[in-house]
Amino acid sequence: MMNLSKSAELFEKAGKLIPGGVNSPVRAFKSVGGIPPFIKRAEGAFIWDEDDNKYIDYIGSWGPMILGHTHPRVTTAIQKVVESGTSFGAPTEKEITLAQLIIDRVPGCEKVRLVNSGTEATMSAIRLARGFTGKDKIIKFEGCYHGHGDSFLIAAGSGALTLGEPNSPGVTKGTASDTLISRFNDPVSVEAVFEQYPEDIAGVIVEPVNGNTGCIPPENGFLDFLKNICHQYNSLLIFDEVMTGFRVAKGGAAEYYKVTPDLYTFGKVIGGGMPIGAFGGTMEIMEKIAPEGSVYQAGTLSGNPVAVTAGIETLKLLTDESYSILNQKGVYLSERIQSIIEEADYPLSQKRVGSMFSLYFYDEKISNTQDVAKCDFDAFNQFFHSLLEKGVFIAPSQFEAGFISLAHTEELLDATVEHVRSALESIFVEA
Ligand SMILES: *Cc1c(COP(=O)(O)O)cnc(C)c1O
């Protein structure tokens with residue numbers, strides 16, 4: 001057994017001071033059980049915990065660390081910028097540089113506003129969609145995560161149709177009634193909502209790759225369908241690219257699938273590991289944001305020079321070639337895992353878009369979160385702990401994606417494949 005004694009001690013201490021001992025729920029390992037390693041440091045594709053266990057990291061801070069940890073250019077730029085001040089509450093030239101880098105890469109994104117997290121970006125984007133269209137309701141998809149704003153903490157209602165219900169105490173019924181729920185990759189479920197509320201829908205928000213159910217790509221034509229139906233009803237299409245932006249392609253999922261939404265939200269990669277978010281879209285829509293327009297949105301630390309610097313350096317390092325390398329790494333890892341699955345005929349399946357991937361403990365068609373719910377979670381949990389013991393850190397939930405970084409060498413991918421092989425053998429063969 002691996003030694004997690006320091007982490008265990010820290011987890012107990014943290015639990016007395018911080019709810020669940022963590023500052024974001026999934027870190028607590030609630031679904032897989034056990035002690036979450038407390039991390040001391042990271043470098044490249046590796047992280048080390050307080051007991052000096054070393055792991056190949058496929059969480060990558062849940063997406064941002066696409067270059068690998070502590071990339072020297074990013075680290076040096078952060079160190080340097082800190083010396084000239086950490087926050088001013090006044091505009092800086094760096095914010096223009098980051099805005100330009102985003103606008104140059106993302107199709108149809110003509111103006112951006114920087115915020116401090118993905119959650120802020122999605123909250124602001126739906127306010128803007130409502131302000132722009134003068135309508136109140138939004139459609140979201142079951143299984144798509146858009147941060148912890150009230151309007152998104154909504155589950156499908158029990159009725160045959162679509163009225164949402166709060167899925168957290170503290171979210172009011174009033175808020176829930178303005179969020180309508182459809183099924184990812186299910187156009188009929190979207191049509192039904194539009195037909196029921198033809199005048200009321202301000203926008204549809206979607207993860208263009210549903211990365212908060214593992215990694216479910218949009219099926220052929222689904223994103224085009226969303227764009228068409230939104231425009232048919234004078235609603236806005238919002239791509240939540242907090243995870244996919246600058247990850248699945250240089251211009252994100254919009255470039256990858258060649259569908260341009262009206263509004264975008266970003267986060268994760270654009271901060272290079274520092275807290276940041278952004279939302280953007282066409283001139284016409286973005287000029288409704290204060291102070292140019294009347295839709296209010298603000299932030300004391302928005303455009304923070306340290307976060308912006310980390311973002312600038314990260315995006316500058318991500319060239320067209322970077323994405324072809326990331327994709328090759330994704331192909332390499334998934335093909336090798338696929339041959340293990342096929343040789344042994346394991347009841348598993350994989351999904352992958354570029355360097356985002358998921359291994360599902362289920363071997364039938366996976367189109368949305370309802371399908372992921374059919375996975376063998378006990379087997380996943382054993383697999384997770386078995387990999388952790390072997391020094392491979394994947395997300396502690398079947399509903400989370402894995403992320404490959406540019407620092408994951410072929411040698412590390414090979415080592416990962418061998419650990420996957422023996423973890424699967426211990427679950428299926430010895431069981
Ligand atoms: C992570 C994530 C968010 C929330 O971003 P935070 O920075 O955690 O607030 C929103 N949308 C998607 C698609 C995400 O993956």
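Both ligands and their constituent atoms are indexed starting at 1 by order of listing.
Heavy atoms from other residues, nucleotides or ligands lying under 6.0 Å from CD of E292 number more than 12.
Atoms OG1 and CG, on T133 and N234 in that order, are 9.0 Å from each other to the nearest 0.5 Å.
The side-chain heavy atoms of E165 and I154, taken from C-beta on, include no pair separated by under 4.5 Å.
Applying the ring-ring contact (aromatic ring centres under 6.0 Å, His included) definition to pairs two or more places apart or across chains, those involving residues 166-196 are F184-F222, F194-Y233.
Contacts of ligand 1 (protein heavy-atom distance under 4.0 Å) are S117, G118, T119, Y145, H146, G147, E207, N212, D240, V242, M243, K268.
Minimum interatomic distance between R183 and E142 (heavy atoms only, all atoms of both residues): CG-OE1, 4.0 Å. For the residue pair F266 and C109, the shortest heavy atom distance occurs at CE1-SG, 4.3 Å.
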